[in-house]
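In what follows, a structure is listed as structure tokens, so that the remarks can point back to it.
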Amino acid sequence: GVPRSDRAAAELGVEDTVGLWEEGIMGVKGGMSAGEVKAVLGEPQSEDVLQYVGSFRYNYPQVSVTFLNYEVAFVHPVP
């Protein structure tokens, strides 16, 4: 593997991406399925269907979870 460091992640601007996949946000990690997200956060308040097959967003009071190819790709706090 390639050695990593916090400094390298900061310089490459990938801290948030690495954090999503390794640590998660509110118990949700990159690559999780819709069922896994529902097991952690419950049923979403609403769901948005996005342009591409397998792309959708679950909306919760504190976060929105975006799926690409049926897997978690982004988790954004709700302002």
Side-chain angles (χ1 to χ4, degrees):
V2 176
R4 293 191 307 179
S5 70
D6 291 340
R7 181 174 162 245
E11 287 178 5
L12 293 170
V14 296
E15 298 155 303
D16 291 340
T17 301
V18 171
L20 173 62
W21 287 83
E22 292 184 352
E23 299 159 21
I25 298 170
M26 292 187 62
V28 176
K29 291 184 176 185
M32 289 176 78
S33 69
E36 291 171 318
V37 171
K38 286 181 179 180
V40 173
L41 298 178
E43 289 294 323
Q45 286 184 321
S46 64
E47 180 178 341
D48 301 322
V49 177
L50 304 177
Q51 183 174 357
Y52 300 103
V53 173
S55 300
F56 51 97
R57 181 178 303 113
Y58 283 174
N59 300 300
Y60 293 94
Q62 296 177 322
V63 293
S64 67
V65 181
T66 303
F67 295 81
L68 301 177
N69 200 28
Y70 301 102
E71 295 182 344
V72 171
F74 305 99
V75 179
H76 297 288
V78 172

Taking only residues two or more places apart in sequence or in another chain, which ones pass ring pair (Phe, Tyr, Trp, His ring centres under 6.0 Å) with Phe67? Phe56, Tyr58
Is the backbone of Gly42 close enough, under 3.5 Å, to the side chain of Tyr60 for a donor and an acceptor to pair up by distance? yes
Compare every heavy atom of Lys38 with every heavy atom of Pro44, then report the nearest pair and how far apart it is. CD-CE, 4.0 Å
same_hphob_cluster([X], [Y]) at 4.5 Å side-chain heavy-atom cutoff:
| X | Y | answer |
| --- | --- | --- |
| Val63 | Leu50 | no |
| Val72 | Val53 | yes |
| Val65 | Val40 | yes |

Tell me, do Pro61 and Gln45 make a side-chain contact under 4.5 Å, heavy atoms counted? yes
Would you call Asn69 and Tyr52 a side-chain contact if the rule is heavy atoms closer than 4.5 Å?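 Side chain of Asn69 against side chain of Tyr52, heavy atoms only: no contact under 4.5 Å found.
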Using only heavy-atom distances, determine whether the side chains of Ser64 and Asn59 contain a donor-acceptor pair under 3.5 Å.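 Note: Ser64 and Asn59 side chains miss the donor-acceptor criterion.
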side-chain contact (heavy atoms from CB on, under 4.5 Å) between Glu71 and Met32, worked out: CA-CA 5 Å; Glu71 295 182 344; Met32 289 176 78; over 6 Å; no
Salt bridge (charged side-chain N to carboxylate O under 4.0 Å, His left out) partners of residues 60-69, not counting sequence neighbours, each pair once: none
Please collect all salt bridge (charged side-chain N to carboxylate O under 4.0 Å, His left out) contacts where either partner lies in residues 48-66, sequence neighbours excluded, each pair once. Asp48-Arg57
Taking side-chain hydrogen bond (donor to acceptor under 3.5 Å, both in side chains) as the definition, give me every residue that meets it alongside Ser33, ordered by chain and number, with sequence neighbours left out.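 Ser33 satisfies side-chain hydrogen bond (donor to acceptor under 3.5 Å, both in side chains) with Glu36 once adjacent residues are dropped.
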